[in-house]
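Hydrogens, waters and symmetry mates are skipped; everything else that's a heavy atom, side chains included, is used.
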Amino acid sequence: MKNGLEDVIAAETQLSDVDGEAGRLIIRGVSLDHLVRDSSYEAVAALLLDGLVERSFDEALLREWLASARIRVFNHAAAADAALLALPPVDVMRALIARLPDGDDFDTALSLLAAPAVFLPAVLRLRRGEDPIAPDPSLSHAADILRMLTGEKPTLEQVAALDTYLVTISDHGLNASTFASRVIASTKAGLTSSVLAALSALKGPLHGGAPGPVLDMLDAVGTPENADGWIRDALDRGERLMGFGHRIYRVRDPRADALKGALAPLIASGQVNGARGALAEAVETAVLAALTTRKPDRPLDVNVEFYTALLLEALGFPREDFTGVFAIGRTVGWLAHAREQALEGRLIRPRSVYIGPLPTAA
C-alpha cells in the first residue's frame, strides 16, 4: 500500500506521459516544446480527442464546431443570478456546467469544452456589474476568451500567450482532477459528471489553487534588490515558496519555460510592465540559489505555477480566479481521459486496508 497512491499504476493511456526525471511532457506522441511552437489549442484538442469520439475531424473543423458550441452554451450564463454570483467564480462555473446534458456523445464533449471558456469571462463581468459578451464564432478559442473578458479585440501577442497557456496545461498525466474524471467515467456516468468531478478536485488548493499566491509573493518582495533577503527570511520562517517544487518533476518543469517564453513578446512589445518581469527573474534566481544551499538533497525547481501567475496577470485575469482559467485549458484532457476510460477501462474500485478497532470477542 502507498498512501496517496504514489507510483501506483492505475491506468494505461495514450494521451500524455510525464517524465519527472527528464523534465519532459509528451502529449499524444508530441513533445510539449514542439506543441507550443507549432500548434494552436484547437489543434491540440483535436489531437487529444482523435479516435475517442464518434466523429472524424481536423483542427479546422474542430475550430468551427467549438465556435458554434461557445454560442450554444452562452445562453446558460443568464442563469447566474445574485445568489450564484455571491460564490467564488469557480463555483459559479461548476453550477452552470451542471446545467448541461450529461451525455457521452461528441456534442456533449464540445459543449463541455466550450463551457468554461464562456462561463468564466461572463461570471467575471457579471461580478463587476457588466453585461456578459456573446461569443464571436469568427475568432479562435483564445482570442474569443480574451474578447469576452475585456470587450476589446486582443492583440496578436495576447492571443498567442493565452493559446500557449491553454496548450501547455491541456493534459498532464494522471493528476488528481484527471483521475477524478476517470473514476466517474468508469461508472459509465456522462461526460458532464466527469468534468464536474474533475473541476471539484481542481479547486482544492493543493491541486489548482496555487498560481495566485505567486503574485502575493512577488508583491511582498517588491523590488529585485529585496529578493535575496526576503527569500532568506521566508525560508527561516519555514514558509513555502509558491511556484517551486513539484510532486513529479525532479528537474525544471518544462511547462515553466514554455510560459516564460510566451511572456517574452508581451514584455518586448510593452504590453507587460518590464519591471514585473525583472522582479520575477530576480525572485526565481534568489529562490533557486537559496534552495540549492539549504536543501541540496531535495530537487526543487520552478514549476508551472510561477510563470502561469505572471502570464494570466498580464492578460487581465484576477489572481483569485486563476483556477477557472486553468479549467478552460484542462477540460479537453479531462474529456479525453474520460472517453479513454469509458472505452477501454474497467470500473475503478481499489481496496483499502482497515486499521480501525476490531469487535470484542463474545
Side-chain angles (χ1 to χ4, degrees), residues 66 68-105 107-135 141 144-151 166 169 175-185 187-212 312 316-335 337-339:
L66 184 55
S68 296
R70 290 197 301 271
I71 294 173
R72 186 166 65 244
V73 304
F74 177 71
N75 292 332
H76 289 282
D81 57 17
L84 268 186
L85 292 172
L87 301 173
V90 70
D91 290 328
V92 185
M93 288 171 59
R94 187 170 55 176
L96 294 176
I97 291 170
R99 294 172 53 86
L100 302 179
D102 199 11
D104 61 3
D105 60 302
D107 284 337
T108 298
L110 281 171
S111 294
L112 290 165
L113 190 56
V118 172
F119 293 156
L120 182 63
V123 168
L124 294 180
R125 291 184 66 85
L126 284 167
R127 285 166 61 90
R128 297 196 300 257
E130 301 169 347
D131 292 331
I133 297 174
H141 202 53
D144 208 14
I145 291 165
L146 292 171
R147 188 193 64 87
M148 288 187 288
L149 177 69
T150 67
L166 297 177
I169 52 96
N175 54 81
S177 58
T178 298
F179 185 55
S181 176
R182 291 191 78 120
V183 170
I184 300 304
T187 72
K188 302 302 182 183
L191 290 172
T192 302
S193 292
S194 287
V195 168
L196 288 171
L199 182 57
S200 296
L202 182 71
K203 68 171 286 191
L206 294 185
H207 184 21
L312 296 184
F317 291 99
R319 68 183 64 184
E320 62 272 18
D321 301 319
F322 288 172
T323 299
V325 193
F326 190 107
I328 295 174
R330 182 56 60 83
T331 297
V332 69
W334 295 336
L335 290 168
H337 278 270
R339 288 297 297 155

If only atom types and distance count, is the side chain of Ser177 paired as donor or acceptor with the main-chain N or O of Ala201 below 3.5 Å?
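Here the side-chain-to-backbone pair does not exist.
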Using only atom types and a distance under 3.5 Å, with no angle test, would you say the side chain of Arg125 pairs donor to acceptor with the backbone of Glu130?
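No.
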What pairs of donor and acceptor atoms, side-chain ones from residues 86-98 against any protein atom, are under 3.5 angstrom apart with sequence neighbours left out?
from  : atom 1 : to     : atom 2 : distance (Å)
Asp91 : OD1    : Arg94  : NH2    : 3.0
Asp91 : OD1    : Lys203 : NZ     : 2.8
Asp91 : OD2    : Lys203 : NZ     : 3.4
Arg94 : NH1    : Ser200 : OG     : 3.0

Please check if the number of heavy atoms outside Asp81 that lie under 6.0 Å from its CG is greater than 12.
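Buried by this count: over 12 neighbours within 6.0 Å.
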When you compare the side chain of Val73 with that of Phe119, does any pair of heavy atoms fall below 4.5 Å?
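Counting from C-beta outward, Phe119 and Val73 do come under 4.5 Å.
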Does a side-chain heavy-atom distance below 4.5 Å link Ile145 with Phe317?
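Of all side-chain heavy-atom pairs linking Phe317 with Ile145, at least one is under 4.5 Å.
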Given Val118, Leu110, Leu113, the one that forms side-chain contact (heavy atoms from CB on, under 4.5 Å) with Arg70:
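Single pass found, and it is Val118.
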Please name the pair of heavy atoms, one in Leu126 and one in Ala77, separated by the smallest distance, quoted to 0.1 Å.
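Of all heavy-atom pairs spanning Leu126 and Ala77, the closest is CD1-O, 4.2 Å.
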Minimum heavy-atom distance Ile133-Phe74, with the two atoms named:
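Shortest heavy-atom separation between Ile133 and Phe74 comes out as O-CE1, 3.4 Å.
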Among residues at least two apart in sequence or on other chains, which ones pass side-chain contact (heavy atoms from CB on, under 4.5 Å) with Ala338?
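Residues passing side-chain contact (heavy atoms from CB on, under 4.5 Å) with Ala338: Ser181, Ala185, Leu191, Ser194.
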Listed by chain and number, what are the side chain to side chain donor-acceptor pair (under 3.5 Å) partners of [X], not counting sequence neighbours?
{"X": "Thr331", "value": "none"}
{"X": "Ser111", "value": "Arg72"}
{"X": "Arg99", "value": "His76"}

Mind checking salt bridge (charged side-chain N to carboxylate O under 4.0 Å, His left out) for Arg339 and listing every partner two or more places apart, or none if nothing turns up?
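Scan of Arg339 (salt bridge (charged side-chain N to carboxylate O under 4.0 Å, His left out), adjacent residues dropped) gives none.
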